[in-house]
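Notes follow the structure.
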Amino acid sequence: MGRKRQIWTGSWEYKEGLVINLSLFTIGVFLEYFTSGGGVLSLMQYPFNLYFLGALIIALFVLWFAFRNTAFTQWLGSIPGAISAISLFLFMGLIMGFTLQTHETEPTFLHNIGFTHISSSWPYMFSILLLLLSLGITCLKNLIPLNRKRLGFTISHLGLFIVIASANFGGTQLQRLEMRLQEGRIVTYATNKSDNQVYNLPFAIKLKDFILEEYNPKLTIVNNNTGELMHGNGKNIVIIDSSMECSMMDYHIKVEEYIESSAKAGSKYYFNNESGSSPAALLSVILNDTAKVVGWISCGSYNKPYESLKLDSLYSLVMLFPEPKLFVSEIQIFNQSGEITNAKLEVNKPFEYDDFKIYQLNYDSNLGKWSDVSIIELIYDPWLPYVYFGILLMILGAFYMLWRGATKKNV
Amino acid sequence: MTWLNFPLYAIIIIFLWTVGLLLMGLFSNKRVLVRTAYFFILSGIIVLGYYIFNLWMVLERPPMRTLGETRLWYSLFLSFIGFAFYFRWKYLWFLVFSILFAIMFLFLNIIYPENFNKTLMPALLSPWFVPHVIVYIFAYATLGASSLVALKLLLHNNNQKELKEPEDLADNLVYIGFAFLTLGLLFGALWAKEAWGHYWTWDPKETWAFLTWSVYLIYIHLRSKNKISKKTSHWILLIAFIVLLVCWFGVNYLPSASNSVHTYSS
Ligand code: HEM
């Protein structure tokens with residue numbers, strides 16, 4: 001690379017980048033420290049987030065049209081500038097990657113310098129600003145005037161700019177409200193999980209039915225003395241169904257009868273569909289080709305005991321609780337003008353209503369299948385369309401890259 | 001066909017690949033034998049594909065949930081990439097490296113057998129599941145291959161002349177891998193929005209995916225103007241791959257991961 005260049009002279013490169021990064025980081029940490037780890041979110045509330053974003057975009061245009069030839073603008077749009085900006089952001093990621101991120105505000109040292117809530121801290125915000133400046137100048141450089149040869153990369157860069165800008169400046173307007181529904185009741189309020197504030201909604205929701213489908217339960221071996229599951233990395237776990245026959249350790253197991261929903265009467269299980277009924281199976285087990293054990297097992301439920309099958313002095317067979325396969329809430333939404341909307345909420349299938357997307361979140365896991373409680377989440381995210389637009393551009397950019405990447409580089 | 005049959009299949013695959021590589025290495029001037037070698041290597045890939053397909057059928061779900069299952073796909077893609085690049089550009093050493101790597105991943109699966117588990121939690125029942133994982137593992141395989149190239153270049157960096165081509169090979173692999181990585185990340189974000197309500201929450205797995213992505217991003221930008229020494233760029237590729245492995249396997253062990261939603265395996 002030839003002779004050494006004095007720092008801050010000529011065109012800036014990595015040395016300047018390092019100094020800029022270190023300064024931004026240090027100032028950020030100090031600001032965080034002097035506000036006892038308060039972070040930046042309170043400053044970024046609507047409508048201030050809009051003002052800041054507006055200021056950033058104006059700054060970009062001013063830099064590009066009025067100060068294009070300054071070392072700073074040139075650096076922002078250069079590879080060293082990009083690498084510095086990405087490195088600072090990467091460094092934020094590293095901190096997050098190694099320290100537990102929490103919502104707690106206990107005044108530990110790590111909290112006070114922002115490390116426990118990086119994504120809402122000052123250093124992070126500075127790194128976002130630098131990243132957006134660098135990306136922004138890079139986009140302007142290739143857009144005004146338009147550089148057709150680089151259009152593919154410019155689309156990536158522009159997409160990323162839009163995603164980062166709207167996720168970070170718009171993210172503060174995101175609201176996640178949790179609502180606890182009970183079958184048959186009408187609920188009109190929801191709780192914001194981040195500050196535990198209760199909100200009254202402009203509509204009401206009634207849970208008509210909560211449905212939980214389960215997989216068949218699994219069978220495994222347990223050590224009688226230690227209570228340890230002898231699952232043998234999955235070798236000794238099988239899903240029960242009415243025709244199952246298998247070997248585990250030295251035992252040969254056959255399902256004689258399987259009842260998906262049952263209750264015990266006397267020494268046997270019978271079909272039953274009341275709250276708390278549980279799966280049960282009649283098993284016959286051959287031990288070492290000689291002895292045979294026959295008996296019922298069941299995993300029980302919130303109000304029924306479980307039953308295991310003792311094989312010998314060491315081991316027993318147990319049935320594990322069935323795992324959920326699908327859970328659905330059938331709800332009715334009433335708005336103020338009296339309209340009623342029926343909807344089905346399912347994991348991975350949210351329902352859009354008003355300004356909200358409504359998600360199936362949870363249920364009363366103690367009651368499992370018999371839960372009459374469903375917890376849902378209402379999410380208000382007005383910037384989502386912009387994020388999606390940015391993501392779309394990035395996907396196009398990635399396809400462009402695939403197409404170009406396989407051809408030889410024009411070095 | 002379950003994981004219990006896996007060792008048998010793995011041994012057949014490893015046998016086919018080893019014979020193929022030996023034929024290729026020892027008789028590289030006899031066309032017939034090289035053709036036969038193609039046949040062996042391709043058969044290994046097909047047997048692996050067949051095993052995965054059957055596992056999918058038996059499990060009644062895509063075999064992409066556990067670490068062991070993702071390692072199967074990794075072996076499949078890596079051997080395929082090695083073969084495809086050999087077919088196109090005749091890099092024998094690249095084929096050898098990628099097959100050896102693929103074999104290593106099969107061995108890992110023999111040593112750490114997987115749960116035989118049909119169940120899939122509701123969040124994974126989504127049309128995004130398959131594209132997200134496939135694209136990701138394909139990216140991992142391609143980027144892993146680029147690190148193999150870098151390793152080779154670092155080990156033999158004295159005879160500079162013949163190395164121009166592998167340089168381009170590494171860059172091309174990174175370009176392709178990075179594009180897939182970006183797609184995987186974005187598909188993941190779109191899926192997360194549907195399943196969990198937000199596209200990005202800095203969950204530990206997401207954080208490490210972001211870190212992996214950034215290291216390759218830095219590599220691409222450094223290389224785009226050829227401003228750094230070749231050696232540095234090869235080292236970056238090796239480091240990037242370590243970050244990638246942390247993201248793939250290591251996250252579960254990090255302190256920051258105690259509240260991750262991406263819990264692999266059981
Ligand atoms: C999706 C992510 C990104 C992709 C795929 C990408 C891709 C690329 C590629 C391939 C080039 C080389 C263009 C060429 O040599 O013709 C490039 C250049 C550049 N990139 Fe990126 N990049 C991304 C993100 C970023 C970020 C985050 C920054 C800055 C913080 C950045 C700043 C730059 C700059 C300054 C250049 C030089 C542009 C020029 O000289 O016109 N890029 N990018």
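From a predicted model like this one, the values you see are computed outputs, not experimental measurements. Lettering of chains follows the sequences in order, A, B, ..., and the numbering in each one begins at 1.
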For the [atom1] atom on [X], are there more than 12 heavy atoms of other groups (residues, nucleotides or ligands in this structure) within a distance under 6.0 Å?
X	atom1	value
F351(A)	CZ	yes
Y353(A)	OH	yes
F91(A)	CZ	no
F399(A)	CZ	no

Which region of [X], side chain (C-beta onward) or backbone (N, CA, C, O), has a non-hydrogen atom less than 4.5 Å from a non-hydrogen atom of chain B, or is it both or neither?
X	result
I391(A)	both
I118(A)	neither
L90(A)	both
L160(A)	side chain
I239(A)	side chain
L94(A)	both

Find out whether [X] and [Y] are in side-chain contact, i.e. whether some heavy atom of one side chain is under 4.5 Å from a heavy atom of the other.
X	Y	result
W200(B)	V387(A)	no
K193(B)	D381(A)	yes
H198(B)	Y359(A)	no
M121(B)	K325(A)	no
M394(A)	L183(B)	no
M96(A)	E206(B)	no

Nearest 0.5 angstrom please: [X] [atom1] to [Y] [atom2], how far?
X	Y	atom1	atom2	value
L186(B)	Y388(A)	CG	OH	11.5 Å
K349(A)	L125(B)	NZ	CG	8.5 Å
S78(A)	H221(B)	OG	NE2	10.5 Å
D203(B)	Q101(A)	CG	CD	11.0 Å
T207(B)	M92(A)	OG1	CE	13.0 Å
I218(B)	I86(A)	CD1	CD1	6.0 Å

At a 4.5 Å cut-off on heavy atoms, which part of [X] comes close to chain A: side chain, backbone, both, or neither?
X	value
L185(B)	neither
T182(B)	side chain
V243(B)	neither
S214(B)	both

Between G177(B), A179(B), P127(B), the one whose heavy-atom pairs under 4.5 Å with chain A are most numerous: A179(B)
Selection from V215(B), L211(B), L190(B) maximising heavy-atom pairs under 4.5 Å formed with chain A: L211(B)
Stepwise side-chain contact (heavy atoms from CB on, under 4.5 Å) check, L361(A) with W196(B): CA-CA 8 Å; L361(A) 195 64; W196(B) 296 314; over 6 Å; no
Exercise: identify the closest heavy-atom pair between I79(A) and S224(B): CD1-OG, 3.3 Å
Residue pair F327(A) / P122(B): nearest heavy atoms and the distance that separates them: CE2-CG, 3.6 Å
Y175(B) ring center near W403(A) ring center (under 6.0 Å): no
Residue selection (most heavy-atom pairs with chain B, distance under 4.5 Å) from A167(A), S156(A), G171(A), G93(A): G93(A)
Between W128(B) and N348(A): side-chain donor-acceptor atoms closer than 3.5 Å: no
Whether W202(B) side chain and S119(A) backbone form a donor-acceptor pair below 3.5 Å: no
Mutual orientation of the aromatic rings belonging to F89(A) and F210(B) [parallel < 30°, tilted 30-60°, perpendicular > 60°]: perpendicular
